Amino acid sequence: MKGAEAVRLHATRRYAVVTHDYTTFERWRTRQSERARIAEIAAGLDRFQWWVLEDLADVRQAFLSRDRTSGDEEVRAFVAARDAATRVAIPDELAVYRLADQIGRDRDRHALM
């Protein structure tokens with residue numbers, strides 16, 4: 001009985017390792033496809049769309065770091081900026097928000113220099 005339990009335990013560990021590797025690979029593949037989508041969106045934007053996206057980045061930054069007791073001011077501003085971005089044909093998807101976050105980080109990095 002001890003031998004069968006050992007085989008079962010070993011098989012379980014192998015399965016866990018395979019599952020872990022598969023999950024890590026899936027996360028990596030998802031992140032790579034997100035980066036490709038961000039690059040695709042960024043390449044297709046004109047100057048006006050970039051301006052609207054930068055506005056969305058500013059408002060998103062304020063929305064994410066808002067004080068929840070201060071009211072819904074940041075929420076309304078974020079919804080308005082998102083609607084403006086949608087009106088100028090910027091897709092409403094996660095890659096756009098990641099691109100906006102990247103713009104905010106780049107701006108913060110340059111401000112510290």
Side-chain angles (χ1 to χ4, degrees):
M1 189 78 160
K2 251 185 177 182
E5 289 173 5
V7 170
R8 209 170 320 143
L9 180 61
H10 180 69
T12 304
R13 284 185 184 156
R14 283 183 54 205
Y15 177 72
V17 169
V18 170
T19 302
H20 173 70
D21 290 343
Y22 179 75
T23 304
T24 303
F25 176 72
E26 282 299 309
R27 271 189 247 143
W28 177 81
R29 203 167 86 185
T30 300
R31 190 69 182 133
Q32 288 298 103
S33 66
E34 284 177 358
R35 286 184 183 133
R37 182 64 182 141
I38 288 170
E40 180 185 333
I41 290 169
L45 297 178
D46 62 20
R47 283 181 112 164
F48 182 71
Q49 288 173 321
W50 269 108
W51 180 71
V52 171
L53 185 61
E54 287 177 355
D55 186 41
L56 177 64
D58 291 338
V59 173
R60 180 170 163 79
Q61 193 94 20
F63 172 73
L64 292 175
S65 62
R66 73 188 184 278
D67 179 18
R68 299 198 190 273
T69 61
S70 68
D72 294 332
E73 213 172 294
E74 290 89 357
V75 175
R76 283 192 296 273
F78 176 69
V79 170
R82 189 184 62 199
D83 290 344
T86 303
R87 273 182 293 201
V88 296
I90 296 174
D92 185 19
E93 59 184 80
L94 183 61
V96 171
Y97 299 122
R98 292 209 191 272
L99 180 58
D101 293 343
Q102 188 177 14
I103 290 170
R105 282 191 304 273
D106 289 344
R107 205 177 293 150
D108 291 344
R109 191 174 327 131
H110 289 297
L112 292 175
M113 292 180 164

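Because the structure is a prediction, the values reported are computed rather than measured.
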Side-chain donor-acceptor distances from residues 54-63 under 3.5 Å, at least two apart:
unit_1, atom_1, unit_2, atom_2, d
Asp58, OD1, Arg107, NH1, 2.2
Asp58, OD2, Arg107, NH1, 3.4
Arg60, NE, Asp101, OD1, 2.8
Arg60, NE, Asp101, OD2, 3.4
Arg60, NH2, Asp101, OD2, 3.3

- request: Give the minimum heavy-atom separation between Leu45 and Gln49, together with the two atoms involved.
  value: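 Taking every non-hydrogen atom into account, CA-OE1, 3.3 Å.
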
query: Looking only at heavy atoms, which two atoms of Ala85 and Val52 are closest? And how far apart?
result: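 Closest heavy-atom pair between Ala85 and Val52: CA-CG1, 3.6 Å.
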
- request: Rounded to the nearest 0.5 Å, what's the gap from CG on Leu53 to CZ on Phe48? Could you check?
  value: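 The CG atom of Leu53 sits 12.0 Å away from the CZ atom of Phe48.
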
For residues 34-44, run the donor-acceptor check on the side chains, cut-off 3.5 Å, and write out each pair with its distance to 0.1 Å, sequence neighbours left out.
unit_1, atom_1, unit_2, atom_2, d
Glu34, OE1, Arg31, NH1, 2.8
Glu34, OE1, Arg98, NE, 3.0
Arg35, NH1, Gln32, OE1, 2.8
Arg37, NE, Glu93, OE2, 2.9
Arg37, NH1, Glu40, OE2, 2.8
Arg37, NH2, Glu93, OE1, 3.0

